[in-house]
Colleague: 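The structure's right below; bear with me while I get my questions together.
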Amino acid sequence: MIKALRGTYDILPPETTLWQKVEQKTRELFASYGYGEIRTPIFERTELFTRSIGEATDIVEKEMYTFQDRKGRSCSLRPEETACVVRACLEHKLLNQQGKIHKFFYIGPMFRYDRPQAGRQRQFNQVGVELFGSYSPFADAEVITMMVRFFELLGLKNVSVNVNSLGDKESVENYKDELKKFIQPKLGDLCPDCNRRFEKNILRLLDCKVPSCKEVFNSPEMPVITNSLSNVSREHYETVLSALKDVNVNFVEEPGLVRGLDYYTETIFEITHNSIGAQDALGGGGRYNNLVKEIGGPATGAVGFAIGVERLILVLKQLDIQAEDCKDIIYLVSFDEEAIRENLVFADELRKKGLTAITGYQKLSVKAQMRQANNIGAKFVVMRGENERAQEFVKVKNMESGEEKVVAVKDLAQNFV
RNA sequence: GUGAUUGUAGCUCAGUUGGUUAGAGCGCCUGGUUGUGGCCCAGGAGGCCGGGGGUUCAAAUCCCCUCAUUCACCCCA
């Protein structure tokens, strides 16, 4: 038997209705903030990702689905969407008018060659937004607010909002130097992973879970990133926080919060939920003021986030949040061959009135058909055998009350409206 | 990439120290009602025991390999 590849999976009805709900709320809410939907290709030149996400990141180093096309170009399935959106903006010259704001949201599959586990698969879906053309801290605050409101709209309470600031390029570099000086003599006390991080991406030390490492980092002399911020970055960050308070978004400042992509600057944030296992980040994002320029565009302030839809669905299921109920089902029983033919027409009439009508296609016993009607949760059953046909009637049974009544054929659709 | 875990019916799982024809519950189908569902009763269908190799008179059971699942690490949504 051929099965879906590792880390990929099918979404079947009725679960798809929950996905449809998420998609519908996405379009609704993001549009109300003035965002328009963008759709970009699912694969791009590999270079786009290596340059934006960072050569040394895990995503680029070991998680990309990379292949050569027939002309020998290196292509990669997109592991995230921000770089793709930036590319599209540059290609369509959208960012050349200074001061013009562009807001996009997207929804679609991303690909990372990871080992699957709870809340992580190789093909997964993200919904996200990107805002271009502003350096304002209020843009950051609005984007974070939008993310929180999105979860609330889906009935999700108790999400944790963590925020931090990396500051501008100089602030981060200063902090990294300080951190190196502090950690260097203590490397012997740290776990092997932390020793590796020290070389590769020292900021990642901050969210190590090993207790002995945490002890080192909890020392009073441990440098804190928000203390290394330049005046401009500090002011930016504080404005973001105060604006969040203005709109009553609860958050926690988390100086240990780090993101895995190289392009972030200034504000970064993450939303987690404690009910879905180790991979508890529902979404995350931040500002990326240098990325557009690095990819060859004009210097452009930008901020955005991405949400993992699979993880979101996990939480929704856990909280037993359902999609809206579907419409009443009308099942048309076929007593004989003639009825199968008639029901095609009757069902057509019902559906033209916006009703949901289901018929059988082969001659089964009435008992079997009733059982099927019951199994699919039909609210009404329409029956028409010899007796009814003789008088241009149908019999309608209400499956909840068991009550039956006779209805003239011409009034059939009207009966359900 | 690392560690652990589990693969037996559509689903959830039993299956003794290797020993006849591999079981249960739920679900499904049929009948009990010449044209009536749910509840109940009776019957039935459905398994190369993940795949391959080995040990043995004999393997779902023991050994090796492989694929897959789940969870965690790394990392991230």
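All values reported here derive from a predicted model rather than from experimental measurement.
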Colleague: Decide if the gap between the ring center of F43(A) and the ring center of Y65(A) is smaller than 6.0 angstrom.
Modeller: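 Ring-ring flag for F43(A)/Y65(A): false, centres at least 6.0 Å apart.
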
Colleague: Across all strands, who's sitting opposite rC26(B) as a Watson-Crick or G-U wobble pair, both distances under 3.5 Å?
Modeller: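 When the pairing criteria are applied, rG10(B) turns out to be the nucleotide that pairs with rC26(B).
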
Colleague: Of the options rA77(B), rG35(B), rC74(B), whose atoms approach the side-chain atoms of R311(A) most closely?
Modeller: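 Given the options rA77(B), rG35(B), rC74(B), the side chain of R311(A) is closest to rA77(B).
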
Colleague: Just one of R120(A), Q121(A), K62(A) clears the side chain to side chain donor-acceptor pair (under 3.5 Å) bar with D114(A), so which one?
Modeller: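 Exactly one candidate clears the test, R120(A).
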
Colleague: Let me spell it out: for each of P116(A) and L282(A), pick the nucleotide of RNA chain B with the closest heavy atom. Which residue's pick is nearer the 5' end?
Modeller: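 With P116(A) and L282(A) compared, the 5'-side residue is P116(A).
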
Colleague: Given rG1(B), is OP1 or OP2 found less than 4.0 Å from the side-chain N or O atoms of R115(A)?
Modeller: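 The answer is no; no side-chain N or O of R115(A) sits under 4.0 Å from OP1 or OP2.
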
Colleague: For E152(A), is there an ion pair with K157(A) - N to carboxylate O distance below 4.0 angstrom?
Modeller: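 The answer is no: the pair does not qualify as a salt bridge.
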
Colleague: For the base of rU36(B), is there a side-chain donor-acceptor partner from E404(A) under 3.5 Å away?
Modeller: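 For E404(A), whose side chain was compared with the base of rU36(B), there is a donor-acceptor pair (under 3.5 Å).
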
Colleague: In plain terms, say whether K21(A) and E23(A) are close enough for a salt bridge, that is, a side-chain N and a carboxylate O under 4.0 Å apart.
Modeller: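 Judged by the 4.0 Å cut-off on N to carboxylate O distance, K21(A) and E23(A) do not form a salt bridge.
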
Colleague: Any idea which of rG37(B), rG35(B), rU69(B) is nearest the R371(A) side chain?
Modeller: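 Selected nucleotide (nearest to the side chain): rG37(B).
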
Colleague: Who does rU21(B) pair with, Watson-Crick or G-U, both distances under 3.5 Å?
Modeller: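 rU21(B) is paired with nothing.
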
Colleague: Kindly indicate whether the side chain of R112(A) and the base of rA77(B) share any N or O donor-acceptor pair separated by less than 3.5 Å?
Modeller: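 Donor-acceptor pair under 3.5 Å: yes.
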
Colleague: Judged by each residue's nearest nucleotide on RNA chain B, which is more toward the 5′ side, K367(A) or E386(A)?
Modeller: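 By nearest-heavy-atom nucleotide position, the 5'-most residue is K367(A).
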
